[in-house]
Amino acid sequence: GDAEGYGYAEFILTFIRENVEYDFDIVNYSHSDYWSYPLETLHMGCGDQEDLAILYASLLKAAGYDVGLMFVPNNVIVGIHIAYAPRIPIA
């Protein structure tokens, strides 16, 4: 299925970037750090980087992708397994 391809993963990421704004937990939840459920992030229409990464990973998982999250200091990385990815130069 398309869950093996790069295009749909990019489509989901574009959807999030265009429809969910970045905002801080202290503004949304009156807490310095709160990891919201994906549905909460969609309902609020905003979230911080953990919220957006969790939302992205959950949408990818629902679409059939193999997904992983890696939490590193001050950052979250979403990893996905895809059968084909275009060659993207690393500079």
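For this chain, numbers begin at 1 and follow the sequence in order.
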Any side-chain heavy atom of [X] sitting closer than 4.5 Å to one from [Y]?
X   : Y   : value
F71 : E50 : yes
I80 : D66 : no
F24 : H31 : no

Could you go through I16 and L59, starting from their C-alpha distance and side-chain angles, then the distance that decides it, and tell me whether this counts as side chain to side chain contact (heavy atoms under 4.5 Å, CB included)? CA-CA 10 Å; I16 292 170; L59 292 174; 4.1 Å; yes
In Å, rounded to the nearest 0.5 Å, how long is the span from OG of S58 to CD1 of I12? 9.0 Å
If I take atom CD from residue E10 and atom CZ from residue R17, how far apart are they, to the nearest 0.5 angstrom? 8.5 Å
Would you say the side-chain atoms of Y65 pair up with the backbone N or O of A9, donor to acceptor, closer than 3.5 Å?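 Yes, Y65 side chain to A9 backbone: donor-acceptor pair under 3.5 Å.
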Would the distance check show the side chain of Q49 and the main-chain N or O of Y22 forming a donor-acceptor pair, the cut-off being under 3.5 Å? no
Heavy-atom closest contact (L69 atom, A53 atom, distance): CD2-O, 3.9 Å
Determine, step by step, whether D23 and D48 satisfy the side chain to side chain contact (heavy atoms under 4.5 Å, CB included) criterion, reporting the C-alpha distance in whole Å, the side-chain angles of both residues, the deciding distance to 0.1 Å, and the verdict. CA-CA 5 Å; D23 209 346; D48 67 2; over 6 Å; no
Worked verdict on I54 versus Y56 for side chain to side chain contact (heavy atoms under 4.5 Å, CB included): CA-CA 5 Å; I54 292 167; Y56 184 43; over 6 Å; no
Those residues that, when tested against Y37, pass side chain to side chain donor-acceptor pair (under 3.5 Å) (two or more places apart): none
Does W35 form a side chain to side chain contact (heavy atoms under 4.5 Å, CB included) with D33? I'd like the steps, not just the answer. CA-CA 7 Å; W35 293 4; D33 195 26; 3.6 Å; yes
For S32, give me all partners under side chain to side chain contact (heavy atoms under 4.5 Å, CB included), at least two apart in sequence or on another chain.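 Scan of S32 (side chain to side chain contact (heavy atoms under 4.5 Å, CB included), adjacent residues dropped) gives none.
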Remaining members of the apolar cluster that contains I77, side-chain heavy atoms under 4.5 Å: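 Members alongside I77: M70, V72.
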Compute whether any side-chain donor of one residue and acceptor of the other, for S36 and D51, lie under 3.5 angstrom apart. yes
